Amino acid sequence: MNEKLMIGWSEADITPDYTDKKIPLYGQYYTRLATGIHSRLKTVACAMSSGDQSFINLSIDTAGCPRQFVDRLREDVAKLDSSIDTSRIFVNAIHTHSAPSLAFKVGAPATGVGASAWEKLRDQMLTPEEYADFAIPIIAQNIVNAWQKRAEGGIATGFGEARIGHCRRAVFANGKAEMYGDTTRQDFIGMEAGEDTGVEMLFTYDANGKKTGMLLNVACPSQNMESTYMVSSDFAGATRELLKAEYGEDFHTIYQISPAGCQSPRDLVRHYTTEPDFWHADGVPVLANRLLTAVKSATPGEINYAPVMKSEVVEVVIPRRRASYVDYKEAQAEVARLTAIMPEDKAFEEFCAEVHANEKIDGPGPYDSKLHHFVQIKNAQAVIRRYEDQDANPNYIFQMNVVRLGDIAIANNPFELYLYYGQNIKARSKAFQTFLVQLSGNGNYHAGYLPSPDAEKFGGYGGLIINGQVGSDGGYKLCDITVDAINKLF
């Protein structure tokens with residue numbers, strides 16, 4: 001007979017309310033300093049155990065959760081409560097572009113500002129180290145609170161549909177793709193990939209059958225507000241608040257991003273004519289209400305108070321995407337050519353000036369061009385770095401948490417994983433429903449995008465070496481490893 005399921009929830013605010021520091025928002029090639037708060041940043045934790053099996057899932061309202069952050073978080077949790085198996089903790093980001101970075105212990109910040117510009121602003125800005133010092137103790141205590149609040153409970157699965165994510169890579173007759181490419185061009189031939197309107201749901205209940213929370217798994221990052229200058233938990237946070245209004249203030253929601261590296265909330269085919277453009281705040285309640293409707297329309301299955309629980313940690317080793325010697329020599333020549341035309345610092349200044357001019361135009365983004373001179377320099381430099389590092393570090397390594405809970409499976413990965421691979425894994429999984437969670441895990445490098453074979457072929461932002469550590473060869477291997485790990489639990 002299966003053991004009784006124990007469930008605990010907790011959430012906490014991780015919004016940096018600094019008055020003496022400017023808050024840089026992570027996620028673009030250029031620095032955005034927050035001018036205010038659109039919505040609060042939260043962390044939400046759900047701790048589950050059954051017998052000697054356990055896992056703790058938590059979401060954080062940031063763009064990512066780098067390895068150094070996860071390692072330090074686990075260390076802090078262990079100090080607070082030694083009964084917690086910290087290897088069973090897995091964190092996922094909602095991928096808001098409207099929060100500070102947690103990528104501490106690095107030089108220049110990942111916001112894309114040049115090192116010299118960063119040094120000029122360092123004393124004025126909240127650094128990733130400072131934000132980590134503020135947020136990690138709160139997040140660690142929140143995990144412990146969820147663990148210590150565990151009580152007998154049950155789960156039930158649900159499924160719905162919501163129009164949230166769309167392919168954001170347009171393909172043109174020249175065989176090239178562009179993220180957010182102009183689909184009104186005469187040489188536009190189609191979108192690179194499809195989309196997934198399915199919404200996976202796992203509801204939790206207390207011993208009396210009252211809903212206490214849910215895992216909400218959607219194939220779209222929470223990045224409607226990505227080019228604004230406001231701190232925001234975006235539509236994932238707005239959805240959490242709507243669900244609290246529906247089910248009670250003590251109802252908690254973890255937003256998980258299913259593989260969606262090629263997806264965003266914007267419909268590039270209809271040109272924003274039928275709805276908000278989803279680059280500004282007016283799009284947030286629209287998306288949140290679509291998810292609320294999906295949740296309210298779902299019919300959960302029977303509550304299971306003693307589901308089978310199996311939790312495993314699998315070390316995943318997959319090959320990094322390699323640059324050839326020809327790629328290396330071409331990139332060296334390209335850097336020399338580009339910097340002779342305009343040096344990097346000057347190119348960066350012009351890039352930022354162009355972005356800020358575009359921001360003043362009334363209309364949808366993106367406001368930065370991934371074809372700009374500055375970006376082309378950075379692309380070529382990334383190829384050189386990859387070639388020089390790849391022999392010493394040929395593999396990408398991370399720890400994947402794989403969980404069976406009744407007839408569902410949960411598996412995470414650190415990538416912005418293209419929809420293509422998520423469909424592969426879900427189709428081959430033995431689970432009744434498969435909850436894949438991207439932007440989670442602690443790899444030995446910043447993972448970045450894991451593009452489909454088509455994205456590699458068509459190129460453009462999201463398909464280049466600069467954009468991720470692993471290519472399609474590694475993607476196929478990741479699929480096999482994930483499917484095998486899930487199916488061994490059934």
Side-chain angles (χ1 to χ4, degrees), residues 25-28 32 38-39 41 59 61-64 92-99 160-170 177-183 191-200 216-243 253 255-295 359 363-368 370 416-419 422 436-439 449 455 461-462:
L25 304 177
Y26 173 83
Q28 305 299 109
R32 291 170 297 135
H38 167 263
S39 51
L41 306 178
S59 63
D61 291 350
T62 60
N92 71 267
I94 67 168
H95 205 55
T96 175
H97 284 222
S98 303
E161 290 185 302
R163 188 170 173 271
I164 304 294
H166 305 274
C167 181
R168 53 180 169 168
R169 285 175 50 89
E178 292 180 24
M179 187 172 286
Y180 301 124
D182 179 5
T183 57
M191 302 308 294
E192 183 181 86
E195 54 198 50
D196 183 359
T197 60
V199 179
E200 313 285 350
L216 185 63
N217 190 276
V218 183
C220 187
S222 185
Q223 61 181 83
N224 175 92
M225 298 275 289
E226 70 178 88
S227 294
T228 69
Y229 285 71
M230 302 288 283
V231 172
S232 178
S233 55
D234 217 287
F235 69 82
T239 302
R240 277 198 310 258
E241 297 309 309
L242 288 178
L243 289 169
T253 304
Y255 185 86
Q256 300 174 332
I257 309 173
S258 182
C262 52
Q263 306 285 298
S264 83
R266 293 130 199 159
D267 186 343
L268 302 184
V269 174
R270 293 179 176 84
H271 314 301
Y272 318 118
T273 56
T274 60
E275 58 193 356
D277 64 24
F278 298 116
W279 288 95
H280 301 93
D282 60 343
V284 169
V286 175
L287 295 166
N289 273 289
R290 288 177 185 178
L291 288 170
L292 173 66
T293 298
V295 173
E359 289 172 331
Y367 306 111
D368 59 326
K370 298 300 190 292
E416 290 190 66
L417 188 65
Y418 272 44
L419 184 73
L436 301 176
V437 189
Q438 70 171 30
L439 289 163
Y449 291 94
Y461 181 77

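Positions are given from 1, in the same order as the sequence printed here. Remember, predicted model here, so these are calculated numbers, not experimental data.
Checked against salt bridge (charged side-chain N to carboxylate O under 4.0 Å, His left out), E275 has the following partners two or more places apart in sequence or in another chain: R163, R290. Remark: Q438 pairs with no residue by the side-chain hydrogen bond (donor to acceptor under 3.5 Å, both in side chains) rule, at least two apart or across chains. Not a single side-chain hydrogen bond (donor to acceptor under 3.5 Å, both in side chains) links S227 to another residue, sequence neighbours left out. With sequence neighbours left out, the side-chain hydrogen bond (donor to acceptor under 3.5 Å, both in side chains) criterion links Y255 to no other residue. Not a single side-chain hydrogen bond (donor to acceptor under 3.5 Å, both in side chains) links T253 to another residue, sequence neighbours left out. The ring-ring contact (aromatic ring centres under 6.0 Å, His included) check on Y461 picks up Y449, with sequence neighbours excluded.
Annotation: side chain of T62 is not in contact with side chain of L41 (no heavy-atom distance under 4.5 Å). Looking at heavy atoms from C-beta onward, L292 lies out of side-chain contact with T239 at the 4.5 angstrom threshold.
Interatomic distance, CD1 of I164 versus CD of Q263, reported as 11.5 Å (0.5 Å rounding). Atom OG in S59 sits 10.0 Å away from atom CD1 in I257 (nearest 0.5 Å). Atom OG of S232 sits about 12.0 Å away from atom CD of Q223, to the nearest 0.5 Å. Note: D234 CG to H38 NE2 = 7.5 Å, rounded to the nearest 0.5 Å. Atoms CZ and OH, from R169 and Y418 in turn, are 4.0 Å apart once rounded to the nearest 0.5 Å. Note that the OG atom of S264 and the CD atom of E195 stand 10.0 Å from one another [nearest 0.5 Å].
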Starting from the C-alpha separation in whole Å, work towards a yes-or-no answer on side chain to side chain contact (heavy atoms under 4.5 Å, CB included) for N217 and V437.
CA-CA 8 Å; N217 190 276; V437 189; 4.2 Å; yes

Can V218 and V199 be said to form a side chain to side chain contact (heavy atoms under 4.5 Å, CB included), step by step?
CA-CA 5 Å; V218 183; V199 179; 4.0 Å; yes

Stepwise, does the side chain to side chain contact (heavy atoms under 4.5 Å, CB included) test hold for M225 with V284?
CA-CA 8 Å; M225 298 275 289; V284 169; 3.7 Å; yes

Test salt bridge (charged side-chain N to carboxylate O under 4.0 Å, His left out) on R168 and E416 and set out the steps.
CA-CA 13 Å; R168 53 180 169 168; E416 290 190 66; 3.7 Å; yes

Using the side chain to side chain contact (heavy atoms under 4.5 Å, CB included) rule, take H97 and Q28 through it: C-alpha gap first, then chi angles, then the decisive distance, then the call.
CA-CA 8 Å; H97 284 222; Q28 305 299 109; 2.8 Å; yes

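Closest approach of S98 and M230 over heavy atoms only: CB-O, 3.2 Å. Between A193 and C262, the shortest heavy-atom contact is CB-SG, 4.3 Å. Nearest heavy-atom pair, T228 versus W279, reported as atom, atom and distance to 0.1 Å: CG2-O, 3.7 Å. Nearest heavy-atom pair across A162 and A294 is CB-CB, 4.1 Å. The shortest non-hydrogen separation linking N224 to G283 is OD1-CA, 3.7 Å. The shortest heavy-atom contact between P265 and L287 is CB-CD1, 3.8 Å.
Looking only at distances, no side-chain donor or acceptor of H95 sits under 3.5 Å from a matching main-chain atom of S222. A side-chain donor-acceptor contact under 3.5 Å links D267 to the backbone of V269.
Using a 3.5 Å distance cut-off with no hydrogens or angles, the side chains of S233 and S39 do pair a donor with an acceptor. Side-chain contact check for E359 and Y229: at least one donor-acceptor pair (N or O, by modelled atom type) lies under 3.5 Å.
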